[in-house]
Amino acid sequence: MTTVKTHPIEGQKPGTSGLRKKTRVFMQTHYLENFVQSIFDGIGGAAGKTFVLGGDGRYFNERAAQVILRMAAANGAARMIVGRDALLSTPAASHLIRLNKTDGGIIMSASHNPGGEDEDFGVKFNMPNGGPAPESVTGAMFKRTEEITEYRILEAQDVDLSTVGETALGDMTVTIVDPVEDYAALMETLFDFEAIRALFEGGFRIRFDAMCAITGPYGHEILEDRLGAPEGSVVHGTPLPDFGGMHPDPNPTWAHELMDAMKGDDAPDFGAASDGDGDRNMVVGPQVYVSPSDSLAVLAANAHLAKGYSDGLKGVARSMPTSAAVDRVAEKMGMTCYETPTGWKFFGNLMDDDRVTLCGEESFGTGSDHVREKDGLWAILMWLNILAVRKMSVAEIMADHWQTYGRNYYSRHDYEGVETQTADAMMADLRARLNDLPGQIVQGNRIAQADDYAYHDPVDGSVSEHQGIRVIFEGGARFVIRLSGTGTSGATVRLYLESLETDPALFEQDPQEALGWVIAAAEEIARIRERTGKTGPDVTT
Ligand code: VG1
Ligand code: CO
């Protein structure tokens, strides 16, 4: 065991979901080591503890795993449970943390960010409940990164991670597990696999695009081997270090191959994609795209049809920028709907306190209290279960849902690669004008409320401020502006747009048209295009 002298490295502050940087930054001397030591220090040491370790298979995944293992051993950890080849999807890691009652886990991923030597890498810590570390803990880790003087590491050969079984690294036990098995078993307890199998036997076709990222092995095992979807239903199913050049963000822009297939004449009955680390999902039917906010609402309204949720839901939660479609379901079903800031870490307390069963974000993330992360394949299986029971197409499910609850038109516009200064100045300027906005009439609509969203956690009383600027019009239409906390260069401005339509004659509009006046009002007030010099968003979802 050696103690290595080091010095603080600037900028190791975890964002929305862990620390994300360019891979080459992570590969710099001491960079990963400093952060990992700070993780252990930030949670009060690793001695005698058990952790889960795995990642999404991107470039540097296995090298980083070997370093983390040697550091865990040198810090006195008792056991590390590692996915074979250092692979684990984020939801599978969350499950293993809970299943084995461990002290937490380290997940190596930059999620939906591209992978490769010149792209992104990331590390995040999950708590013993299986969920992302809350701000109090990531804050303690960041503080350690600013004062670190040394880290501990074992000098040893690499551990062979290619075979399931147990081995030793110094005094620490390394348990290598199949990345899929326990997760697949969990899914079988939640969903009616018989009914879904019958669906496929009846000729139902699915195209699941794993985008050369972590969910490939999960999709092959669960959808093809266990549920009988024909071989070839899972595409891009082998995790590659650079994701085969794909940008593993499951939205219509980046999952364009899937979108093309679903628009074609021979479109399968159901299309789905997931992201780098497997916690997100996009759902598409032939000729119909399901917005993530609507997907959450549909799952909330139909969850009782799946055996794991047959007793109904305790409550639901959504991130603030997510549309209020799920609120309308909750109201009808007599449940509480909580609103939290962006990022899954804010849902953990609500689930641990038994207040909510289902949670979701507009960014293609849905999940339940079966783990403490969003879960892409889970959402896809839930959809399949619902389709199997209701015997309707995706389009019919959506039309029926809007008839019952109205349609919350929704869109997110991302302006990427904006100069940090420009983005910060825009936010500061908006903040300064918030008090003057209520009462003003913009694009023919009166502003009812304008604020900088702050969250008061009802379980632990913690307060998180500056979580997004919202401008809400009379009648409930609104836009929200916040800066992304997952990027690795420059700033990304996210503009979230929503308006509710209750007239059934107007349910089939193009969301960009239905939201036209809200889009114009946002530009009039925030002047994003003018300030960034862009004529429109880089990505529209
Ligand atoms: C984005 C999404 C947010 C999500 C986060 C992590 O954060 O907006 O909803 O929880 O990514 O998802 P931001 O700060 O860039 O808006 V994942 O699947 O990339 O870990
Ligand atoms: Co992700």
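Numbering of ligands and ligand atoms starts at 1, following listing order.
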[atom] [closest protein heavy-atom partner, distance rounded to 0.1 Å]:
atom: atom 6 (C) of ligand 1; result: Lys374 NZ, 3.6 Å
atom: atom 7 (O) of ligand 1; result: Thr486 CG2, 3.5 Å
atom: atom 19 (O) of ligand 1; result: His112 ND1, 2.2 Å

Quiz item: Do we see a donor-acceptor contact under 3.5 Å between the side chains of Asp460 and Ser462?
Solution: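 Per modelled atom types, Asp460 and Ser462 side chains form a pair under 3.5 Å.
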Practice problem: Could you please spell out the steps behind the side-chain contact (heavy atoms from CB on, under 4.5 Å) verdict for Val298 and Trp383? | Solution: CA-CA 9 Å; Val298 167; Trp383 261 96; 3.8 Å; yes
Quiz item: Can you check whether His401 and Tyr405 have ring centres sitting under 6.0 Å from each other?
Solution: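 Aromatic pair counts; centres sit under 6.0 Å.
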Self-check item: Tyr59 ring center within less than 6.0 Å of Phe243 ring center
Solution: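 Aromatic pair excluded; centres sit 6.0 Å or further apart.
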Atoms in ligand 1 flagged as close to [X], the criterion being non-hydrogen separation under 4.0 Å:
X: Asp275; answer: 18 (O)
X: Asp279; answer: 18 (O), 20 (O)
X: Arg494; answer: 8 (O), 13 (P), 15 (O), 16 (O)
X: Ser363; answer: 2 (C), 3 (C), 4 (C), 8 (O), 9 (O)
X: Arg20; answer: 17 (V), 19 (O), 20 (O)
X: Ser111; answer: 17 (V), 18 (O), 19 (O), 20 (O)
X: Thr342; answer: 3 (C), 8 (O), 9 (O)
X: Ser17; answer: 6 (C), 20 (O)

Can you name the nearest heavy-atom pair linking [X] to [Y], along with the distance?
X: Ala477; Y: Val518; result: CB-CG2, 4.4 Å
X: Leu313; Y: Val316; result: CD1-CG1, 4.1 Å
X: Pro250; Y: Asp275; result: CD-CB, 3.4 Å

Quiz item: Does Lys534 make a cation-pi contact with Tyr415, if we ask for NZ or CZ under 6.0 Å from the ring centre and within 45° of the axis?
Solution: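 Pair Lys534/Tyr415 does not count as cation-pi.
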Look at [X] together with [Y] and state whether they make a salt bridge at an N to O cut-off of under 4.0 Å.
X: Asp242; Y: Arg58; value: no
X: Arg372; Y: Asp352; value: yes
X: Asp118; Y: Lys22; value: no
X: Glu339; Y: Arg318; value: yes

Quiz item: Arg482 to ligand 1: N or O pair under 3.5 Å?
Solution: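 Yes, at least one N or O pair falls under 3.5 Å.
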Quiz item: Taking distance alone, with no angle check, do Tyr496 and ligand 1 share an N/O pair under 3.5 Å?
Solution: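 No.
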Quiz prompt | Option set Gly485, Gly487, Ala110, criterion heavy-atom distance to atom 13 (P) of ligand 1, minimum | solution =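 Considering heavy atoms of Gly485, Gly487, Ala110, the nearest to atom 13 (P) of ligand 1 sits in Gly485.
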Quiz prompt | Option set Arg412, Arg280, Glu361, Glu362, criterion heavy-atom distance to atom 1 (C) of ligand 1, minimum | solution =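 It is Arg280 whose heavy atom sits nearest to atom 1 (C) of ligand 1.
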Practice problem: Report, as a single number, the protein N, O or S atoms less than 2.8 Å from the Co ion (ligand 2). | Solution: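 Considering protein N, O and S only, the Co ion (ligand 2) has 4 within range.
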Quiz item: What residues form a side chain to side chain donor-acceptor pair (under 3.5 Å) with Glu362, not counting sequence neighbours?
Solution: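 By the side chain to side chain donor-acceptor pair (under 3.5 Å) rule, Glu362 matches Arg412.
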Quiz item: Using the ring of each side chain (for Trp, its six-membered ring), is Tyr31 parallel, tilted or perpendicular to Phe26, with breaks at 30° and 60°?
Solution: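 Perpendicular: the ring planes of Tyr31 and Phe26 meet at over 60°.
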Exercise. Please confirm whether Lys124 comes under 4.0 Å of ligand 1, counting heavy atoms of the residue only.
Key: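 No, Lys124 has no heavy atoms under 4.0 Å from ligand 1.
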Exercise. Please confirm whether Gly343 comes under 4.0 Å of ligand 1, counting heavy atoms of the residue only.
Key: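 Yes.
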